[in-house]
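Proteins come first, then strands; the chains are lettered A, B, ... in the order of their sequence lines, and each starts at number 1.
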Amino acid sequence: MSTDAAEMPAFRYTAELATEIEERWQREWEERGTFHAPNPVGPLKGDVPADKLFVQDMFPYPSGAGLHVGHPLGFIGTDVFARFHRMTGRNVLHTMGFDAFGLPAEQYAVQTGRHPRETTEDNIRTYLRQIRRVGLGHDERRRISTIDPGYYKWTQWIFLQIFNSWFDEAAGKARPIAELEAEFAAGTRATPDGRPWSALGRAEREKVLGGYRLAYLSEAPVNWCPGLGTVLANEEVTPDGRSERGDFPVFRRSLRQWMMRITAYADRLIDDLDRLDWPEKVKAMQRNWIGRSHGARVRFACARPGAAEPATVEVFTTRPDTLFGATYLVLAPEHPLVDEITTPEQADAIAEYRRAVSRKSELDRQENKEKTGVFTGAHAVNPVDGREIPVYVADYVLMGYGTGAIMAVPGQDQRDWDFAKAFDLPVIRTVQPAEGFDGEAYTGTGPAINSGFLDGLDVAEAKKTITAWLEEHGHGEGTVQFKLRDWLFSRQRYWGEPFPVVYDEEGTPVPVPESMLPIELPDVDDYSPRTFDPDDANSEPSPPLSRAADWVEVELDLGDGPKKYRRETNTMPNWAGSCWYQLRYVDPTETERFVNAENERYWLGPRTTEHGPQDPGGVDLYIGGVEHAVLHLLYARFWQKVLFDLGHVSGDEPYRRLFNQGYIEAYAYRDDRGSYVPAEKVEERDGRFFFEGAEVRREYGKMGKSLKNVVTPDEMCARYGADTFRLYEMSMGPMDVSRPWATKDVVGAQRFLQRLWRNLVDEETGALRVTDETPGEDALRLLHKTIAGVRDDFAHLRYNTAGAKLIELNNFVTKHHPGGAPRALAEPLVLLLAPLCPHVAEELWAKLGHAESLAHGPFPAADERYLVEDVVEYPIQVNGKVKARVAVAASASPDEVRAVALADEKVVELLNGGEPRKVIVVPGRLVNVVL
RNA sequence: GCCCCCGUAGCCCAAUCGGUAGAGGCAGGCUCCUUAAAAGAGUCACAGUACGGGUUCGAAUCCCGUCGGGGGCACCA
């Protein structure tokens, strides 16, 4: 390829010219504060239109690896959307900050000896340089970072709000813990052991309150990951019992940790999904994770050796209607009643089984679906008919769900069927299977059989009837069960938010008053987390902060004189900072509060006139990958609801509309040794692939350094310019579809911009080539059709089709106006292009003689006159096949269209004098004649 | 194993309510421009919608089944 300067016209739109234009406009925008979005009040106060739009990208983690072309896909998508709406006159808030706490910085610190803050801040600078180059229109005054004390001060403050509240079941919402304390003090609510509140010491009181607080300390089995040196939330553990990050084994271990009572909000977290404009897929994943099931608890009396009184085994079932078919009970191996009810003859067998199960890893226990178990020797009484049924211990029943015990109904549950077959236990069908059913357990619907007073009732009626019966006779009650567990909120890490909590001499947690926030992260000699042999289940967590003795031991006056306290040495999980960042974007510099209430209401409050009476408020458009479906998105919703209940925010959901962008993927190639070869240097010949002459195998998937197939936005900007790169990414397909990267295709976007540039600018002189010619009727029709189409496409995130329409319009100009574009076409074309390719659009707009940036409009509006056609061409189908075309006035009535169609030569010929059986006229579309 | 999404030209993708299968890009052919090549301009071809049924005047679109790809859940009682 020749790039000889002598041959290249001086003002051709090349990568060099594009880069010059882009750097200049990026500077202009920054100096002019073009993307500053004013707030109603406070430091960022300005004139605010009532019509606003808050667009947000998912909080990026500033990785040291830098960006590849996949990362900016969503960022460009939000930028186009934001720029489009800004041009139509709306006040648009779009910015980007950093979720900067996290394990990678800490691990990197261990390798390099540099402080995580240093490396993280370096990474942020690199990241900002990279995204600036792409031309994202961010309000840079609103950049925040979770590691800034000015930010995490408020993360700690929110923690205190959560700590200082409880969930009032009767009201269905959170209330201040002080109101609960007042109820105990007044005696309107009894203490657990019935003693008056005044008789309880401070530690005792705190223990009672801890049972209610939304953030509480718990001594409970948690997911301990020695390889990472920390505990993990359930959401961070894969189904095969390993850490999502690092893929290390995770062990169950009992530890004293902070928990968030997210389960209190389970119902609201499920129910409010209905009010969100989110992808159904994400809603389904959240519903599934929360896992609400309606059923009943049923109590079975069970004899225990050497005791006069029987034990009570409580089970949870979603199918109380099948109670007559329960032929045995199963307890989880860890169930506390196992020891009490096991007969002496069975004791050894049970003990052996429990030992064997405890040695199995989570993975073994789940992978091996062969049913195993041991008979306890005990029998329980089925409350509905007095029948004695055997009680087993088996590991297919989990201690962690429901009551850790089930009633087994092999006739209607496949797992129970499998166990019953393995242990030769009886099966009683209690639902009449459908006609022709030849399976094993029948889980479908049908009338109840073999079920006494339930016989003949369908499943739903039977459930209702038996639940009422259980409640009336005291054998159980209807209940709702969730899979969701409370959120483990402690991490044994250095690089996270410190808890605003200290412990007194009795070990009782005491919140640090708001006036002492932020609790800053101290510098320590060794800030690496202590990790262990990944398989060492018995290792002890050791938070790095516990080694900062000077920081841990403090003397504070918390209202009753100076006393010695110990600081909490765990830190918060990575998710904390991202639970509320949209609120801080609104008011990044507010010092009195986490966000000013008026600003919060303006940007994030419900807007019922616009979005309907159920509108929960929140960010107007939130774009990110689907990988956060249950982690970040569930936690952020939970925090929002607590803040809402306490009156700190005006809406009860953080993100009104969510959109999941697809991923950019790439081909990778391996040689015959299985090593990856640089994808860039692979040649394709006849559908086969070669690297340095040797054939290589193609794979498809992620872009990554180790796969040697990374393409960076920096490279693309250098080779083509940012506008070309943006346009190509947006043209590749719909925003929500994953697709392969193809560097060779980028040139198509570049050629388009070159043609457009050439239509407006003389490549030799740089002078404007725009004429005052009045465009013809055809041109105006196409122009207004394009305006209407592009507007609609931008509003619905269909950037690929918007781009295609602009190319069409430009092609028309190229073809019909070789002497230069008429101004009446050139100006709207530039404006329509601006959201996608803002730099070149600004440059052309300026060349067209406009002193003001086009960032705030105008955006062209279509003239309806040019959208209605005078004459419509109707295809005439005969029996569904197109046989002819006729032109008919657009105002023609269906009968007139019918008449014209039937008069058509071809149709007359095919009719051959006969009458059509039927004629279908679709106004504006076609005519179908049925013979 | 269960649930969800997707299969349209060699490739990436359009077709918005069931109404003419093709907007745009890459790659390809031809023509013009050029000493030549590249770039550029113009122009052309290519699939009948993964497959098999069904509903309909009419199906890429709706329904059933099969195959292929992607994702979620996976003893949750």
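Here B:C26 is the nucleotide among B:C26, B:U20, B:U16 with the atom lying nearest to any side-chain atom of A:V747. Residue A:R751 has its side chain nearest to B:A27 when only B:C57, B:A77, B:A27 are considered. Picking from B:A77, B:U20, B:C57 the nucleotide with the shortest atom distance to the side chain of A:Y401 gives B:A77. Residue A:A804 places its side chain closer to B:A23 than to any other of B:U43, B:A23, B:A77. Side-chain atoms of A:V397 lie closest to B:A77 of the nucleotides B:A77, B:G19, B:A39. For A:D792, the side-chain atoms get nearest to B:U16 when compared with the rest of B:A77, B:G19, B:U16. Ranking B:C57, B:A23, B:G19 by closeness to the A:L926 side chain, first place goes to B:G19.
Between the side chain of A:R769 and the main chain of A:R758, a donor-acceptor pair closer than 3.5 Å is present. Although no hydrogens or angles enter the test, the distance criterion places no donor-acceptor pair under 3.5 Å between the side chain of A:D793 and the main chain of A:N800. Between the side chain of A:W757 and the backbone N or O of A:F11, at least one donor-acceptor pair lies under 3.5 Å. Within the 3.5 Å criterion, the main-chain N or O of A:Y669 finds no donor-acceptor partner in the side chain of A:R698.
Neither OP1 nor OP2 of B:A39 sits under 4.0 Å from any side-chain N or O of A:R12.
Residue contacts shown for A:E808 are limited to sugar-phosphate atoms, with no base heavy atom under 4.0 Å away. A:R917 comes within 4.0 angstrom of nothing in the nucleic acid, heavy atoms only. Among the atoms of the strands shown, only primed sugar atoms or phosphate atoms (P, OP1, OP2) are found under 4.0 Å from some heavy atom of A:I807.
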task: For A:D274 and A:R287, run salt bridge (charged side-chain N to carboxylate O under 4.0 Å, His left out): C-alpha distance rounded to whole Å, both residues' side-chain angles, the deciding distance at 0.1 Å, then the answer.
output: CA-CA 11 Å; A:D274 296 339; A:R287 284 194 192 101; 3.3 Å; yes
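If you take atom C1' in B:U55 and the same atom in B:G69, they sit 28 Å apart, rounded to whole Å. Nucleotides B:G29 and B:U20 place their C1' atoms 27 Å apart, quoted to the nearest Å. Separation of the P atoms belonging to B:G7 and B:A15 is 11 Å when rounded to the nearest angstrom. B:C32 and B:C46: their P atoms are spaced 23 Å apart (whole Å). When the C1' atom is compared between B:G24 and B:A14, the two are found 8 Å apart, to the nearest whole Å. Of the C1' atoms belonging to B:C11 and B:C51, the separation is 22 Å, rounded to the nearest Å. The separation of B:U16 from B:A21, taken at their C1' atoms, amounts to 16 Å, rounded to a whole angstrom. As rounded to the nearest Å, B:C64 and B:U56 have C1' atoms that lie 16 Å from one another.
Pair assignment for B:C13: B:G22, on the basis of Watson-Crick or G-U wobble contacts that are both within less than 3.5 Å. Judged by Watson-Crick or G-U wobble contacts below 3.5 Å, the nucleotide B:U55 has no partner. Base-pair partner of B:G7: B:C67 (Watson-Crick or G-U wobble, both distances under 3.5 Å). Base pairing of B:C2: its partner is B:G72, meeting the Watson-Crick or G-U wobble criterion (both donor-acceptor distances under 3.5 Å). Pair assignment for B:U31: B:A41, on the basis of Watson-Crick or G-U wobble contacts that are both within less than 3.5 Å.
The distance between the ring centers of A:Y720 and A:F725 does not fall below 6.0 angstrom.
As rounded to whole Å, 14 Å separates atom P of B:G25 from atom CD of A:Q754. The CG-C1' distance, from A:L727 to B:C26, rounds to 14 Å in whole Å. Between A:H294 atom NE2 and B:A77 atom P the separation is 12 Å, expressed in whole Å. In this structure, A:F300 places its CZ atom 17 Å from P of B:A77, rounding to the nearest Å. One atom, CG of A:N810, and another, P of B:G24, lie 12 Å apart when rounded to the nearest Å. We find that CG of A:N660 is positioned 14 Å from C1' of B:C4, with the value rounded to whole Å. Atom CZ of A:F812 is separated from atom C1' of B:G24 by 17 Å (rounded to the nearest Å). Protein atom CZ of A:R287 is 13 Å distant from nucleotide atom C1' of B:C4, rounded to whole Å.
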Which atom pairs link the protein and nucleotides 71-73 of chain B when you take only N or O atoms and keep those under 3.5 Å?
residue : atom : partner : partner atom : Å
B:G71   : O2'  : A:K281  : NZ           : 2.8

Short heteroatom pairs, N/O only, protein and nucleotides 7-13 of chain B, under 3.5 Å:
residue : atom : partner : partner atom : Å
B:C12   : O2'  : A:M732  : O            : 3.0

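Place A:K815 and A:D416 on RNA chain B by their nearest nucleotides, and A:K815 ends up nearer the 5' end. Looking at which nucleotide of RNA chain B each of A:Q877 and A:S293 is closest to, the 5′-most match is held by A:Q877.
Note that A:K371 lies in the cation-pi zone of A:Y396, set by a 6.0 Å cut-off to the ring centre and a 45° limit from the axis. Figure legend: A:R292 and A:F482 shown without cation-pi pairing, the cationic atom not lying both under 6.0 angstrom from the six-membered ring centre and within 45 degrees of its axis.
Listed in residue order, the members of residues 756-765 of chain A having a heavy atom less than 4.0 Å from RNA chain B are A:R758.
One distance of note links NE2 of A:H817 with CG of A:N759; it measures 9.5 Å at 0.5 Å rounding.
Closest of all the heavy-atom pairs between A:P383 and A:R299 is CG-O, 3.7 Å. Contact record, A:D395 with A:Y353: N-OH, 3.0 Å, taken as the closest heavy-atom pair. Closest non-hydrogen pair, A:T403 versus A:M399, comes out as O-CE, 3.9 Å. In plain terms, the two heavy atoms of A:A901 and A:V927 that are nearest each other are CB-CG1, 3.8 Å. In this structure, A:L73 and A:M735 approach most closely via the heavy-atom pair O-CE, 4.0 Å.
Here B:C17 is in the syn range [glycosidic angle within 90° of 0].
In this structure, A:E665 and A:M703 have side chains that are not in contact, with every pair of non-hydrogen atoms separated by 4.5 Å or more.
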